[in-house]
Protein chains: 2
Amino acid sequence: MTQTSFRSGCPINLGLEVFGDKWTLLVIRDIMFAGKRHFREFLASDEGISSNILADRLAMLVSAGILTRAEDPGHKLKAIYSLTQKGIDLLPIIAQISRWSRAYMPVDPALAATGEARDRAGPGAIEAQMEALRAIHLSGDA
Amino acid sequence: MTQTSFRSGCPINLGLEVFGDKWTLLVIRDIMFAGKRHFREFLASDEGISSNILADRLAMLVSAGILTRAEDPGHKLKAIYSLTQKGIDLLPIIAQISRWSRAYMPVDPALAATGEARDRAGPGAIEAQMEALRAIHLSGDA
DNA sequence: ACAAGTGATTGCTTTTTGCAAGCATAAGCG
DNA sequence: CGCTTATGCTTGCAAAAAGCAATCACTTGT
């Protein structure tokens with residue numbers, strides 16, 4: 001069966017079936033805002049993801065079409081992960097989560113700074129950041 | 001210890017620690033868009049949440065200050081769940097998830113209709129919907 | 001009195017996560 | 001060459017969470 005049998009066709013549910021867990025969006029955050037591209041970079045996140053979970057999530061994100069995996073030319077062991085447009089389009093979701101947490105959760109001021117700057121810069125800032133990510137990750141090299 | 005010891009102070013992470021699972025936002029969706037207020041209404045969702053998970057999530061959402069629980073006057077066994085402002089402010093996140101899924105996932109057209117209408121209505125539609133939820137859930141009765 | 005409805009709880013199996021260690025290969029360096 | 005380090009994972013096992021079906025104490029409605 002090539003049918004993946006979702007719990008329902010509701011848009012909210014379908015999104016949650018892809019990234020509705022405690023780790024997936026952190027990987028996306030790291031590649032988006034910290035510029036991480038390699039396994040061991042993701043592994044060194046503040047939250048301390050373990051390697052088996054990371055391997056699982058990276059494989060899932062690749063198979064979901066949110067990331068692509070390529071070999072580093074000239075360094076055969078290095079894998080380079082890149083965002084697809086589908087992945088870049090997760091940025092508005094992440095930006096909204098950031099806004100909500102900055103309003104209601106005890107965020108670290110240093111880590112909240114980039115989100116605050118984005119909000120201060122107005123609605124075009126997200127589009128600009130997505131365009132920047134497109135330039136880095138799409139159609140070409142890193 | 002009243003300190004809940006989060007994995008990190010990153011806004012994205014803090015949000016995920018609250019609603020980063022496959023069920024929590026579905027409960028919020030149901031109270032926001034389907035007008036559900038009672039345990040057995042949530043239980044009857046399309047995705048088939050089981051009662052122990054639902055009970056756990058409702059209690060967590062109440063203790064997180066996203067929902068409040070009140071007794072139905074005149075029906076002592078009935079509990080009424082209401083959104084707080086903190087809960088209503090999750091709407092922009094849910095709306096963005098909806099947008100992403102409608103772009104990339106095989107959504108049910110009927111279930112996608114409300115999100116499409118919201119997008120067509122422009123940026124003020126979310127604010128309007130939040131105001132409507134405020135009128136229903138805040139400072140007063142249902 | 002009785003059946004149906006209320007928000008859960010309990011017991012149990014299956015799945016997922018978390019953690020530490022290890023693995024096979026490849027670069028880097030003398 | 002021979003050693004250390006770096007690379008992206010994999011494995012084994014314990015703990016936590018999810019999933020499922022049955023049940024509970026109590027209330028309403030008839």
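Below, chains carry the letters A, B, ... as their sequence lines are ordered, and counting in each starts from 1. This one's a predicted model, so the numbers in the text were calculated from it and none came from an experiment.
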- Query: Taking it one step at a time, do A/Ile97 and B/Phe19 satisfy side chain to side chain contact (heavy atoms under 4.5 Å, CB included)?
  - Reply: CA-CA 10 Å; A/Ile97 293 175; B/Phe19 50 77; 4.0 Å; yes
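- Considering only residues two or more places apart in sequence or on other chains, A/Tyr104 meets the ring pair (Phe, Tyr, Trp, His ring centres under 6.0 Å) condition with A/Trp100.
- Of the residues in residues 38-61 of chain A, A/His38, A/Phe39, A/Arg40, A/Ser51, A/Asn52, A/Ala55 come within less than 4.0 Å of DNA chain D through at least one heavy atom, sorted by number.
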- Go through the steps to decide whether A/Asp119 and A/Arg102 satisfy the test side chain to side chain contact (heavy atoms under 4.5 Å, CB included), and finish with yes or no. CA-CA 11 Å; A/Asp119 282 1; A/Arg102 280 179 281 117; 3.0 Å; yes
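- For residues 7-24 of chain B, proximity to DNA chain C is found at no residue, defined as any non-hydrogen atom under 4.0 angstrom from a strand atom.
- Ion pairing between B/Arg99 and A/Asp89 fails under the 4.0 Å rule for side-chain N and carboxylate O.
- Within residues 63-79 of chain A, the residues that have a heavy atom under 4.0 Å from DNA chain D are, in order of number, A/Arg69, A/Leu77, A/Lys78, A/Ala79.
- For the residue pair A/Arg118/A/Thr114, the side-chain donor-acceptor check at 3.5 Å is not satisfied.
- With rounding to the nearest 0.5 Å, the separation of OG in B/Ser8 from CG in B/Leu14 is 6.0 Å.
- Every residue meeting the side-chain contact (heavy atoms from CB on, under 4.5 Å) condition with A/Glu41, not counting sequence neighbours, appears here in chain and number order: A/Lys36, A/Arg37, A/His38.
- Among residues at least two apart or in separate chains, there is no salt bridge (Lys or Arg N to Asp or Glu O under 4.0 Å) pair with a member in residues 65-84 of chain B.
- Between A/Arg7 and A/Glu17 a salt bridge is recorded (basic side-chain N to carboxylate O distance below 4.0 Å).
- No chain of hydrophobic side-chain contacts below 4.5 Å, direct or via other Ile, Leu, Val, Met, Phe, Trp or Tyr residues, connects A/Leu77 to A/Phe42.
- Listed in residue order, the members of residues 25-33 of chain A having a heavy atom less than 4.0 Å from DNA chain C come to none.
- Listed by first and then second residue, the ring-ring contact (aromatic ring centres under 6.0 Å, His included) pairs involving residues 63-98 of chain B amount to none (not counting sequence neighbours).
- Tested against B/Asn13, the residues A/Val107, A/Leu26, A/Leu25 include a single side chain to side chain contact (heavy atoms under 4.5 Å, CB included) partner, A/Leu26.
- With sequence neighbours excluded, no residue forms a side chain to side chain donor-acceptor pair (under 3.5 Å) with B/Arg40.
- Residue pairs meeting the salt bridge (Lys or Arg N to Asp or Glu O under 4.0 Å) criterion with at least one member in residues 44-65 of chain B, sequence neighbours excluded, are B/Asp21-B/Arg57, B/Arg29-B/Glu47.
- Taking the side-chain contact (heavy atoms from CB on, under 4.5 Å) definition, one finds that B/Asp108 meets it with B/Ala110, B/Leu111, sequence neighbours left out.
- Contact footprint of chain B on DNA chain D: nucleotides with an atom under 4.0 Å from a non-hydrogen protein atom, first to last in 5' to 3' order, D/dA18 to D/dT28.
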